[in-house]
Amino acid sequence: MSFAYFTVKDRLPQILTKVIDTIHRNKNKFLEDYGEEGIEAEKKAISFFSKLRNELQTDKPILALSDQQPDTQIWNQYLDYQKTLLSNGEEPSWFRSPWLYVECYMYRRIQEGMCLSPPISGFDVFEDVKKESFFQSQPAMLSLCAHLQELKGKMSGFSNTEVREEIHKLLQVSLWGNKCDLSISGGQDNSQKTSVLSSLEDFKAFILVDDMDSLWNILLRNRDGNNESRTRVDIVLDNAGFELVTDFILADAMLSLNLATEVHFHGKVGPWYVSDTTKHDYDWTIQKCLATNNKWMSKCGQTWKENLKKGRWVYHQHLFWTLPHEYCTMAEVAPDLYTELQKSDLVLFKGDLNYRKLTGDRKWDYTVPFSEALRSFHPAPLCSIRTLKADVQVGLQEGVGERLSAAETDWMISGKYGVIQFSPVV
Ligand SMILES: O=P(O)(O)OC[C@H]1O[C@](O)(CO)[C@@H](O)[C@@H]1O
Ligand SMILES: [Mn+2]
């Protein structure tokens, strides 16, 4: 049984069941906020999601979206396109369509279900689990915040070698932070319990592609350049919770160590793949850090808030990140976003889903160069920072993929391995 099949058959219905439970559990909140209308909406949403789960489990055709959102038409056109790929008038269905498309489609249908259930439409069905995962990983986050503040205290005398070592560390922390997504665990707790910093050396053996020095060469230019030089780094965010805090720590360090002058973050417009970061999650996380009674963490929160105010950090959102499209179509489907990314000196793509979209989720040979798998997607020098949770991997040395496959059947989906994989503009 392929991982794709297992996902659609077991994991996605499980996530829908959790969504239904969550809405049911919040019934009183809806009653308090909206009275009887809130209760009616709760019923409507639950019946929508039960029906959706049934469509999925019985392999019904993929339906066009019926809400009126800015991306509705694009989704429906994409469905029409999927139809053209099938011969003899067959209809795309849940089990007979590409995994990437079906999985994205399910999350888009969840948005549709909420959208069609006013007045509770603004309710984020994954907010509870995202918050819980933040609180569960708080000890691990605290130790990272303490580490960062300590670093700031001593970095003024740092040599480039020391700075390099530090940024390598924080890149790895951000990589392993990607283990903590809630979609792979079907919405179950998957938080970080221990400090990653102390385990980095042990984990090194699991980094299959390590291009950290290519990033370093870009960042070093800013540090060594004159004061007027500007270096913009973009981070295409993945999960809220522990991973987001590791990304904040990395972004903060890049500014503080004078490796970048501005960091631009890209988040999702709505709830996505359970734990993906929305604007609300982003602001909430900074606010929560700021308000804790731990002095290191609250100092971090304060700095991050100021960074936003002063424009050193910028938050962006774009519909494209929640479309099913692979990134080689970005220039055509979302030219404005492509142009925005072209302004960057380095774009970091966090997480597994981004990797699948970068490579088009194809069955590439393990040794195909990353730049080739990106096809025409080269807006700026870019890097994927991702733990392996889906069966696509390129850019490995000859024989490595085969050796791993022989030794561990689940090496591509366990999240145990990771890559920090760079592509220049070619
Ligand atoms: O949060 P991430 O790293 O993008 O992981 C999400 C991944 O989890 C899955 O749902 C299961 O592997 C994939 O579809 C997806 O690529
Ligand atoms: Mn995710």
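No experiment lies behind these values; they were computed from the predicted model shown. Just so you know, ligand 1 is whichever comes first in the structure, and atom 1 is the first atom listed for that ligand.
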Below 4.0 Å from ligand 1: does a non-hydrogen atom of W99 turn up there or not?
yes
Note: E243-K179 ion pair, threshold 4.0 Å (strictly below)
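The answer is no: the pair does not qualify as a salt bridge.
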Determine, for E112 against R109, whether the closest basic-nitrogen to carboxylate-oxygen distance falls under 4.0 angstrom.
yes
Of the N, O or S atoms in D276, the one nearest the Mn ion (ligand 2)
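Result: OD1.
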D238, N/O/S atom nearest the Mn ion (ligand 2):
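It is OD1, the N, O or S atom of D238 closest to the Mn ion (ligand 2).
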Atoms of ligand 1, numbered as shown, that sit under 4.0 Å from any heavy atom of [X]:
{"X": "L353", "value": "2 (P), 4 (O), 16 (O)"}
{"X": "N178", "value": "3 (O)"}
{"X": "R356", "value": "13 (C), 14 (O), 15 (C), 16 (O)"}

Assess whether side-chain hydrogen bond (donor to acceptor under 3.5 Å, both in side chains) is satisfied between W176 and Q172, documenting all intermediate values.
CA-CA 6 Å; W176 299 121; Q172 290 170 73; 5.0 Å; no
Looking only at N/O atoms, are N239 and ligand 1 under 3.5 Å apart anywhere?
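N/O-N/O distance below 3.5 Å exists for this pair.
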May I ask you to check if ligand 1 and G351 share an N or O to N or O distance below 3.5 Å?
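No, no N or O pair falls under 3.5 Å.
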Determine whether the side chain, the backbone, both or neither of R11 has a heavy atom under 4.0 Å from any heavy atom of ligand 1.
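R11 to ligand 1: side-chain contact only, backbone stays beyond 4.0 Å.
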Heavy atom under 4.0 Å from ligand 1: found in D238's side chain, backbone, both, or neither?
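It is the side chain that gets close, since no backbone atom is under 4.0 Å.
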For Q397, look at atom CD and say whether over 12 heavy atoms of other residues, nucleotides or ligands are found less than 6.0 Å away.
no
So, is S275 placed with an N/O/S atom under 2.8 Å from the Mn ion (ligand 2), counting both backbone and side chain?
no
Interatomic distance, CH2@W284 vs OG1@T277, rounded to 0.5 Å, equals 11.5 Å
Between R96 and Q82, a side-chain donor and acceptor under 3.5 Å:
no
Taking atom types as modelled and ignoring hydrogens, do the side chains of Y355 and Q421 form a donor-acceptor contact shorter than 3.5 angstrom?
yes
Candidate with minimal heavy-atom separation from atom 10 (O) of ligand 1, of K357, K350, E103
E103
Return yes if some donor-acceptor pair links the side-chain N/O of N76 with the main-chain N/O of L65 below 3.5 Å, else return no.
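Yes: the side chain of N76 pairs with the backbone of L65.
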